[in-house]
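The basis for the numbers below is simple: all heavy atoms, side chains too, and nothing from hydrogens, waters or symmetry mates. Numbers here are sequence positions counted from 1. Each ligand, and each atom within it, is numbered from 1 in the order the structure gives.
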Amino acid sequence: MVHITRICLRKYGNFVDNLRLYVRGGSGGMGLPRLGGQGGKGGDVWVVATKNMTLKRIKDKFPQKRFVADAGANSGVRALKGERGADKEILAPVGITVTTDESRTLGDLNVEGDRVMVAKGGSGGSLYSAFQPSKGEAKHIRLDLKLIADMGLVGFPNAGKSSLLTALSNATPQIASYAFTTLKPEIGKLIYDDYKQISVADLPGLIEGAHMNKGMGHKFLKHVERTKQLLFVVDVCGFQLASKTPFRSAFEAVQLLTKELELYKEELLSKPALLVVNKMDLPDAEDKLAELKEQLQNPEEFSDLLPEDMIPQNYLTFRHVVPVSAITGFGISHLKSCVRQSLDEDAALEVKATHREKLQALRKQSQGRA
Ligand SMILES: Nc1nc2c(ncn2[C@@H]2O[C@H](COP(=O)(O)OP(=O)(O)OP(=O)(O)O)[C@@H](O)[C@H]2O)c(=O)[nH]1
């Protein structure tokens, strides 16, 4: 398949589920020996859980990824006690874990307003320190989005997501409970011959208009942020949500799903995506699949099938388009291997990127010593 996903990657940058930052508390202020004055304490650095924030936004807004709190003021004749330096707050998304570079957990941000101190400011100089202030704490920290699953199922009601999850995971999926959410996703585990496990989440509640918070809209869409990749699921024969709503073909369903994600948060579309075309056991399924594939090859040509406000800005192209029947089991093992292949591909890229980052850090260190 050709790769609008890649085009999106270039346009929006990859989805960010972890971020490494440099943080430093402010230095303390100088004490004033003559009058026994005390310098102000340096500010602390905090990570604060904030609504509508993403790791990608932090990365884009602060490309240096460096956060330093203000220094405490020196003590002076007019103010024997120097003023405290201002704290620095890093506004971060809800649902992350904050760790040190050595993987020690500093705290979890589960609810809006949760905060974790990540670098303490230095103390001001005083009689006890011969009026010399101390420096603020400095370190690298990591912000990790708590992923609920490797893959997230994205589809309208009745597409067969639950049936698919059961067929894939060969078991009754578990209902998971997460501290940072009120919606309970069902998680299925795909187990491979080499015992590798991949988790797939079925997230209930996506309907047309979800971006406007229709149905369980935003809760659903928040979950999509917490999976590495997306598994779109459509009924090959299309669907009609209710008697008053229009019939949507499989192609329209794909574009409507894409548009819902785009309207909610464009960067979700930079996640790798696979398309599952379900219910291949139904009559005329082969013809409809052929038609869908043709439409996906040239989506612009078929855009007049969609309401104008639901045409995505960028058509998503899928790493794999996999026809299956969750009921008969047709295509399920092929889908399992496509899912594995897609995640393995990204894991290899991630290892490379981490390796590169570490090499760069080492290089910088040795340049600093020279
Ligand atoms: N013929 C056929 N029917 C299917 C297939 N997969 C699911 N169905 C049927 O489609 C209906 C919806 O299936 P679900 O698995 O509940 O669909 P869902 O997407 O989880 O639906 P919601 O829970 O409403 O979001 C059920 O009646 C299933 O039996 C399939 O491969 N072939």
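Close contacts between ligand 1 and Leu282 involve ligand atoms 1 (N) [criterion: under 4.0 Å to a heavy atom]. When each atom of ligand 1 is checked for a heavy atom of Asp281 under 4.0 Å away, the hits are 1 (N), 2 (C), 30 (C), 31 (O), 32 (N). Per-residue contacts place Ser325 under 4.0 angstrom from the following atoms of ligand 1 (heavy atoms of the residue considered): 31 (O). In the vicinity of Lys161, heavy-atom distances shorter than 4.0 Å reach the ligand 1 atoms 15 (O), 17 (O), 18 (P), 19 (O), 20 (O), 25 (O).
Residues meeting the salt bridge (Lys or Arg N to Asp or Glu O under 4.0 Å) test with Lys65, sequence neighbours left out: none. With sequence neighbours excluded, the residues that form a side chain to side chain contact (heavy atoms under 4.5 Å, CB included) with Glu112 are Lys51, Val94.
A donor atom on one side chain and an acceptor atom on the other are not found under 3.5 Å apart for Thr245 and Gln240.
The ring of Tyr22 has its center no closer than 6.0 angstrom to the ring center of Phe67.
Contacts between Asn278 and ligand 1 below 4.0 angstrom, taking non-hydrogen atoms only, involve the side chain exclusively. Contact annotation: for Leu164 versus ligand 1, there are no heavy atoms closer than 4.0 Å.
For the pair Lys336 and Tyr192, the cation sits on the ring face: its NZ or CZ lies under 6.0 Å from the ring centre, inside 45° of the axis.
Under a 4.0 Å N-O distance rule, the pair Lys88/Asp44 does not qualify as a salt bridge.
By heavy-atom distance, the residue among Ser163, Gly329, Ala326 lying nearest atom 7 (C) of ligand 1 is Ser163.
Checked by distance only, ligand 1 and Val324 stay at 3.5 Å or farther apart across all their nitrogen or oxygen atoms.
The salt bridge (Lys or Arg N to Asp or Glu O under 4.0 Å) test with Asp235 is passed by exactly one of Lys288, Lys279, Arg248: Lys279.
Residue contacts with ligand 1: Ala159 is included, with a non-hydrogen atom under 4.0 Å away.
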